[in-house]
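One structure below.
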Amino acid sequence: APTPGKAPVNITADSLAHDAAKGVYIAEGNVLVTDGSVTLHADHVTYHIQEGTAEAEGNVRLSSDEEQVTADTVTYAMESQEGTITNGTVFIKSRNLWIRGATLEKRGENRYTAEKVSITTCDGEDPDWSITGRKLDITIEGYGTAHHVMLKTAGLPVIYTPYLLFPVKIKRQTGLLAPLVGYSSRKGLDIIQPLFVTMGDSMDATVYTNYMTERGLREGVEFRYMASALSRGIFSVEGLDDQKIDDGTSANSDYGYDGSPDRTNTDRYWFRGKADQELGGGFKAKLDIDWVSDQDYLREFKDGPGGFDATQDEMEEFMGRTLDDYTDTVRTNKLSVTKTTNAFTASLSGIWNDDVVARSQDTEDSTLQQLPTLTMTQSRTALGTTPFQVSVTGGATSFYREDLTDALYDGERTYVLPKIYMPFKVGAFSVDPSAGVKGLWWDIDTQDSADALSGTHSAAVPEFSTDISTEFYRIFNTDADWADKARHRIKPTLTYDWQDRLEESEYPRFDSIDEIDGKNQITLKLDSILTSKKNGEGLPVYRDLLTGTISQTYDIQEEQESDPTKWRNGLTQEPFRPFYAELIFNPAMNLSFKFDGTWSWYESEMLTQNTSLIMGTEETRLFSISHRKKRDPLESIHESLNITPSTSYESTNSLVARFKTDLFDRITLDCDYERDIEENEDIKKSVGVTYTSSCWSLFTRYEDSTDDTKIVFGVELTGLGGFDSSYDAN
Amino acid sequence: CGYQFTGRGTLPGGVSGLCVAVPENRSADVRLGPMVASAVVSEAISAGADAAVGCTGRSGSLTGEIRTVSTSTITRNSDGDSTEERVTITASFRLADEDGAVIWQRASVTGTETYSVTPGSDSTSSRNAALDEAAEDLAENVWAGLTQRF
Amino acid sequence: GEVGISADHLTSDSQGRYALFSGNVRITRDGAVLKADSVQLHYEDGKQKGDTTKGLSLIEAEGNVTMDFEEKRATADKAMYDLRKEEVTLTGGPPRVVSGKSTLTGKTIVINRLTGAIKVDSGNSTRVKVRLVPGEKGFSFTPDKKDK
């Protein structure tokens with residue numbers, strides 16, 4: 001658009017008089033004044049030539065891309081784009097926001113102030129709700145602030161707040177205006193009030209206050225900054241002086257969770273943050289912090305603005321990575337500096353896995369920490385022009401445990417795994433053999449220095465593996481309405497894996513790198529994909545209708561092993577590993593059915609079977625149901641050998657369903673159901689109803705879960721702010 | 001029976017050889033970038049194509065970013081503790097020909113793996129193992145996308 | 001101020017009641033130059049002095065009328081220059097005034113060279129249109145005080 005003040009001003013009118021003495025043009029009758037970006041309509045306009053200001057009276061309309069003003073009188077300065085409006089209404093198109101005031105000042109391109117004002121996003125003369133306030137200051141691209149604010153619905157004052165700040169155009173949904181009000185057996189009356197503060201365009205902060213009649217006041221602040229595309233961060237801290245504790249007594253059972261240790265501390269807090277920082281020279285630093293006062297905190301404050309879910313969504317969207325899940329009691333804190341060139345990556349990291357229970361209960365903490373660890377990885381690159389490819393992974397780690405035990409030790413470990421590949425083709429078959437030797441050096445500190453594992457060890461573990469695969473396909477001319485053509489591809493793959501074995505008693509084991517049980521197995525896998533092709537106007541549309549995989553492994557090492565204690569389950573010899581099958585059926589957009597399962601040949605029963613059906617999308621209508629069943633192999637073996645069953649089997653059988661639809665044109669129903677079929681108990685039942693009107697929406701939600709039983713309701717004034725979208729996506 | 005062997009693989013735009021760059025990595029796991037690159041190369045080689053990481057001079061170059069890595073509970077026991085979690089890697093990939101013109105792109109390809117967790121214990125090692133599997137799943141989906149056209 | 005007139009032809013009636021100049025008529029008055037295809041002079045209270053300029057009350061110019069003053073130019077089909085009121089009324093064409101890149105047009109334009117006032121009226125088809133470019137001097141045809 002032309003730059004104000006430089007652009008020529010065009011005036012059209014029925015008549016015009018130039019008064020040279022006053023240096024003004026007086027235009028009468030359907031007058032239009034425009035400089036290309038702003039247009040002023042009025043019955044009568046006095047235009048001051050020197051100052052470049054227009055005084056308009058009578059049916060005045062001032063409009064630009066962003067807003068539309070109607071008023072009795074407007075004085076407007078073309079260059080500074082400033083002006084005063086009397087008895088005016090400012091309409092902000094992007095947010096459908098109406099601002100009415102006796103006198104309003106237009107301050108520059110996107111900003112308005114007003115002494116006494118009423119704001120609403122409802123159209124029409126008597127809006128369903130409006131906010132009256134004083135000293136309004138609103139920026140179209142950013143935020144609005146006002147004092148002595150009264151929310152009125154149908155003319156009745158409902159809520160008063162001395163100060164109000166609301167997002168005008170910012171996408172982020174959380175807004176001040178709508179408090180989240182709920183009642184639950186855990187918290188009593190529970191009101192969460194987020195408040196936005198913005199500090200320039202690349203930093204903002206959100207403050208939360210959450211008052212609970214049973215528990216007290218929880219407050220938190222989240223700070224977000226973006227220095228550049230690659231350097232950004234989010235840091236949040238919140239805390240509460242909890243009036244209740246969980247000391248295991250039935251009276252306090254509402255303030256803890258079954259199966260989790262007692263929680264007797266009252267000063268509860270959660271500090272978490274993630275940051276990426278560009279260090280120059282190709283070095284990048286990444287920080288992840290997650291420090292919570294006790295193991296129940298994240299479950300207790302999981303929903304609503306400032307809760308765990310909101311943080312998790314925010315972290316994923318803004319930082320691309322999430323925190324450990326809310327029920328994980330060992331939480332990762334990590335700082336790493338990484339450098340990546342062509343195919344080589346090196347990074348130095350310090351990792352502290354904070355065992356929340358050990359720290360809060362002040363008990364033994366033998367969690368394995370890596371302070372620091374250096375990892376280097378060279379991906380599969382060609383070795384000059386030879387047919388060989390080579391890859392190297394390696395690392396040096398200083399392990400540390402706060403409390404050593406007779407079985408748990410720490411110390412240093414260095415390892416390197418060079419691998420060489422020689423891919424070649426035989427007819428239609430592709431063969432990809434690779435061989436490598438993993439060199440390991442340890443220097444172990446044990447609790448008791450006489451322990452055999454104490455001191456230095458080294459080992460060289462050769463490994464070899466090869467893939468032999470081929471692929472064949474056929475194209476069918478279906479000429480059906482769902483596809484003009486279809487292609488069916490079948491890809492069999494034979495894999496042989498061999499790796500030497502390290503005796504667990506002779507060599508230290510920290511993680512998967514040095515947990516080397518040896519391997520000698522053959523796996524046959526069959527992949528099959530049916531793809532449809534539909535010619536449309538533009539490019540043809542392809543869809544993988546049916547994708548299937550079956551795989552079977554034969555364990556030669558198990559077969560040759562005579563010592564029962566070395567068998568995989570220590571009881572029976574089972575060289576044939578469970579048979580695996582997976583099927584994904586995706587006949588149309590937003591409609592998918594998935595099944596996967598494993599079958600035990602020896603117990604002749606399904607060890608795992610998972611099915612899921614998803615119809616629709618989160619935005620429109622959605623029906624999704626997922627059933628997951630796992631049978632602990634030990635449990636079935638114990639049964640068949642009638643050994644006395646122990647309670648710690650890891651068999652699970654659960655159902656999760658979600659149903660969301662709009663009933664009439666304004667009401668949406670959103671139900672969740674989660675059941676532990678193994679224990680025959682419901683984990684969570686919830687139903688939410690949302691009524692959406694043109695400029696506001698009201699919603700209520702009843703939730704009964706093992707964690708809490710609660711009823712929540714809230715109002716969202718569309719365009720001005722509402723709930724953090726995380727509330728329903730848990 | 002009408003089936004024929006795929007031979008050198010059906011990459012778009014007549015690309016025969018593939019250079020895979022280590023994808024940008026926004027996740028906290030520093031190994032993920034090189035691991036995904038190697039997995040895509042192994043997938044390409046097992047389909048008969050000729051591929052390597054970080055090379056130049058082949059007729060197609062594959063670049064991408066790992067946009068998000070998220071873990072979420074998918075199964076809970078009656079106490080509400082999670083017993084199964086799923087790690088999901090979401091990435092975007094582009095295939096460019098010799099003179100840099102983009103001939104294929106996918107804004108969102110995912111790789112997932114579920115793993116079981118025992119409530120109250122440290123699940124970091126099983127999460128890392130699951131991440132390796134998810135990277136291989138991602139590579140399979142990238143390759144399936146690359147060779148989808150016919 | 002003086003009025004200078006030049007033209008290709010001059011015709012007047014035998015009693016000098018009016019004078020009609022035609023063909024490249026050029027009239028100068030207080031720094032302004034008026035050109036037209038033909039110009040008719042009118043005299044005060046009927047004194048008809050033929051070609052003299054004394055007692056001149058009204059200059060009626062018609063056909064490709066242009067009036068230039070400093071860098072401003074007005075164009076119209078017809079111009080009536082009332083010398084007593086120092087007021088030029090431009091009609092037809094429609095009349096336009098150009099000063100630098102600023103332009104002014106309408107059905108009739110009345111320019112008062114004493115007060116500098118300009119009045120523009122629109123007709124049913126032609127509306128008043130003004131284009132003001134910031135920094136330009138505007139449409140005044142008034143000579144500065146010192147010339148008087």
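Just so it is clear, the structure is predicted and the values come from calculations on it, not from any experiment. Just so we're on the same page: letters track the sequence lines, and every chain starts at 1.
The salt bridge (Lys or Arg N to Asp or Glu O under 4.0 Å) test applied to A/D288 returns A/K274, A/R321, not counting sequence neighbours. Looking at residues two or more places apart in sequence or on another chain, you find a salt bridge (Lys or Arg N to Asp or Glu O under 4.0 Å) between B/E140 and A/K525.
B/T90 does not touch chain A: none of its heavy atoms, backbone or side chain, sits under 4.5 Å away. Heavy atoms closer than 4.5 Å to chain B are found in the side chain of A/V656, but not in its backbone. The contact between B/R127 and chain A is made entirely by side chain atoms (from C-beta outward), counting heavy-atom distances below 4.5 Å. Interface remark: B/I66 contributes no atoms to any contact with chain A (heavy atom separation under 4.5 Å). Only the backbone of B/R67 comes within less than 4.5 Å of a heavy atom of chain A; no side-chain atom from C-beta onward does. Contacts of A/A486 with chain B are made by backbone atoms alone, with heavy-atom separations under 4.5 Å and no side-chain atom involved.
The distance from the CH2 atom of B/W143 to the NZ atom of A/K491 is 8.5 Å, given to the nearest 0.5 Å.
The most heavy-atom pairs under 4.5 Å with chain B, out of A/D328, A/T329, A/D467, come from A/D328.
The stretch residues 674-683 of chain A places A/E674, A/D676, A/E679, A/E681, A/I683 near chain B, each with some heavy atom under 4.5 Å from a heavy atom of that chain. Contacts between residues 78-87 of chain B and chain A, counted as heavy-atom pairs separated by less than 4.5 Å, involve B/S78, B/D79, B/G80, B/D81, B/S82, B/T83, B/E84, B/E85, B/R86.
B/R31 and A/T345 share no side-chain donor-acceptor pair at under 3.5 Å. Between the side chains of B/S42 and A/R380, at least one donor N or O lies within less than 3.5 Å of an accepting N or O.
A cation-pi arrangement, defined by a distance under 6.0 Å to the six-membered ring centre and an angle within 45 degrees of its axis, is absent between A/K485 and B/F150.
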